[in-house]
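Naming convention: chains lettered A, B, ... in sequence-line order (proteins, then strands); numbering from 1 in each chain.
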2 protein chains.
Amino acid sequence: MSCETETVEVLREAGHKLTPQRLMILSALRHAEGHYTATEIYDQVRAEYPYVDISTVYRTLGVLKEMRLVSETNMGTGDTTYEWVREHRRHHHLICRDCDTVASLDHQYLEDLGAEILAESGFKPDIDHFAIFGLCATCQERSRTA
Amino acid sequence: MSCETETVEVLREAGHKLTPQRLMILSALRHAEGHYTATEIYDQVRAEYPYVDISTVYRTLGVLKEMRLVSETNMGTGDTTYEWVREHRRHHHLICRDCDTVASLDHQYLEDLGAEILAESGFKPDIDHFAIFGLCATCQERSRTA
DNA sequence: CCTCTACCTGCAACTGGTTGCAATTACATT
DNA sequence: AATGTAATTGCAACCAGTTGCAGGTAGAGG
């Protein structure tokens, strides 16, 4: 739990209580790489403490999302995925709507878009983790020749 | 139905059958302005033909989405909204995660982003109708002084 | 250490959306 | 106009996610 101290402080300062359930959910997300569904997190926490409820998982993810400690993304697979936001290592996804291939998109493109929007409208977008749907090069080719 | 002829032809050429249910769903979307939830479309169709099933509405919205005749957008209100895509009149939304205010975003910003991505990666994004979450100017101010 | 209260939890009921299946229907072919 | 078949429909059962509520707990203050 040692490396969690900072996060715990951030949450407490925002007026949130640190319950054992929350600490377990937090820990599951922080020590994992990549995206997880709510159910995956639920299962992992339940292995340690079998009485958690799935609604507690969703509610905790909700407060973490509101504080922008985790990102919530619809990857087009049916259920929503959550990921711990690391300042370095920001990334986005290009998802082909035909073949479902997922490619990465450099953060810079969206960083620039966010800066433009902020400068011109005053609105500050959360550019944490985007999923952009479209057609990959291969599928464009295929539909041209079909 | 006269003004629908072109759309009907597009669908038939893609191998889809034109059932009365689909024609009613199509007509409801085409003659409406703005975003609608699946339930709103369902209710409207049901007024004319009470035996449609909600799953038929979702499935039809699915094929229309796949053909990019309608856009599907999560506006953060819980349920997904659908809108007939009109080439002119493209627009996007900036939604404040604190006060839920919705502002419009000019299509140009995203058009440019889409062109950049296509040029550099070959992936062609569907830039039909984005909802970008963040903090409006007022709420940024409020959280600074809080 | 005890008290108090606002926040949090688990439960159960609910809403939005999806899926497998048997029966039906659009429409291409003859 | 009759036939064949693949797509589509309605139904029912299901999965993902949300919400109201009564009881429980973190943690601030005394």
Side-chain angles (χ1 to χ4, degrees), chain A residues 1 4-5 7-26 28 35-46 48-67 70-82 100, chain B residues 1 4-5 7-26 35-46 48-67 70-82 97 100:
Chain A
M1 206 130 296
E4 242 84 286
T5 324
T7 307
V8 162
E9 218 33 62
V10 170
L11 284 166
R12 220 195 296 273
E13 267 165 37
H16 296 292
K17 293 184 179 171
L18 272 298
T19 64
Q21 291 91 330
R22 284 190 177 174
L23 289 172
M24 283 186 279
I25 294 166
L26 215 59
H35 329 98
Y36 294 89
T37 65
T39 307
E40 284 165 347
I41 296 162
Y42 175 54
D43 287 342
Q44 195 181 326
V45 173
R46 212 163 34 151
E48 198 182 330
Y49 174 68
Y51 301 108
V52 231
D53 191 79
I54 187 78
S55 67
T56 300
V57 175
Y58 280 110
R59 283 191 272 229
T60 301
L61 289 171
V63 335
L64 295 175
K65 181 181 75 175
E66 208 166 315
M67 303 198 64
V70 308
S71 65
E72 180 191 71
T73 314
N74 166 19
M75 301 279 284
T77 52
D79 31 66
T80 307
T81 60
Y82 299 86
D100 297 324
Chain B
M1 207 128 298
E4 243 84 285
T5 324
T7 307
V8 162
E9 216 34 61
V10 170
L11 284 166
R12 219 194 299 271
E13 267 165 38
H16 295 293
K17 293 183 181 174
L18 272 298
T19 63
Q21 292 92 328
R22 285 193 174 171
L23 290 173
M24 284 186 278
I25 294 166
L26 216 59
H35 329 97
Y36 293 90
T37 65
T39 308
E40 285 165 347
I41 295 163
Y42 176 54
D43 287 341
Q44 194 182 328
V45 172
R46 212 163 33 152
E48 199 182 329
Y49 174 68
Y51 302 108
V52 230
D53 191 78
I54 188 78
S55 69
T56 300
V57 174
Y58 280 109
R59 283 191 270 230
T60 301
L61 289 170
V63 334
L64 295 175
K65 181 181 75 175
E66 208 167 316
M67 302 198 62
V70 308
S71 65
E72 181 190 69
T73 314
N74 166 19
M75 301 280 283
T77 52
D79 30 68
T80 308
T81 60
Y82 298 87
R97 84 177 112 89
D100 297 325

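Between A:Y58 and D:dT18, a side-chain N or O to OP1/OP2 separation shorter than 4.0 Å is absent. Considering only side-chain N and O atoms, A:T56 lies under 4.0 angstrom from the phosphate OP1 or OP2 of C:dG10.
Distance, B:L26 CG to D:dT8 P: 13 Å, rounded to whole Å. Rounded to a whole Å, the OH atom of B:Y49 is 11 Å from the C1' atom of C:dT25. Atom CD1 of A:I25 and atom P of C:dC8 are 12 Å apart (whole Å). Separating the OH atom of B:Y51 from the C1' atom of C:dT25 is a distance of 18 Å, rounded to the nearest angstrom. Here the P atom of nucleotide C:dA26 and the CE atom of B:M24 are 12 Å apart, to the nearest Å. Here the P atom of nucleotide C:dG10 and the CZ atom of A:R22 are 11 Å apart, to the nearest Å. Per the geometry, CG belonging to B:N74 stands 12 Å off P belonging to D:dG17, to the nearest Å. Here D:dG17 presents its C1' atom at 16 Å from CD of A:E40, a figure rounded to the nearest Å.
In this structure, A:T60 contributes its side chain and A:T56 its backbone to a donor-acceptor pair below 3.5 Å.
From one end of the helix from C:dC1-D:dG30 to C:dT30-D:dA1 to the other, with five pairs defining each end axis, the axis direction shifts by 40° (rounded to 10°).
Counted within 6.0 Å of CD on B:E48, heavy atoms from surrounding residues, nucleotides or ligands total 12 or fewer; the atom is thus considered open. With a 6.0 Å radius and a threshold of 12 heavy atoms from other residues, nucleotides or ligands, B:E66 has its CD atom at or below the threshold.
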For nucleotides 21-30 of chain D, read 5' to 3', which letter fits each nucleotide if B means a protein heavy atom sits under 4.0 Å from the base, S means only the sugar-phosphate is that close, and - means neither? -----BS---
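Here D:dT9 is the nucleotide among C:dG17, D:dC11, D:dT9 with the atom lying nearest to any side-chain atom of B:T60.
The 5' end of DNA chain C is approached more closely, in terms of each residue's nearest nucleotide, by A:Q21 than by the other of A:Q21 and B:D53.
For B:D53, there are no salt bridge (charged side-chain N to carboxylate O under 4.0 Å, His left out) partners, not counting sequence neighbours. Legend: residues meeting salt bridge (charged side-chain N to carboxylate O under 4.0 Å, His left out) with A:D43, ordered by chain and number and at least two apart, are A:R46. When the ring pair (Phe, Tyr, Trp, His ring centres under 6.0 Å) test is applied to B:H16, no partner is found at least two apart in sequence or on another chain. With sequence neighbours excluded, the residues forming a side-chain contact (heavy atoms from CB on, under 4.5 Å) with A:E40 are A:Y36, A:T37, listed by chain and number.
Put simply, the side chain of A:E72 does not reach to within 4.5 Å of the side chain of A:T81, judged on heavy atoms. Here the side chains of B:L64 and B:L11 are in contact, with some heavy-atom distance below 4.5 Å.
Here B:T80 lies in heavy-atom contact (under 4.0 Å) with sugar-phosphate atoms only.
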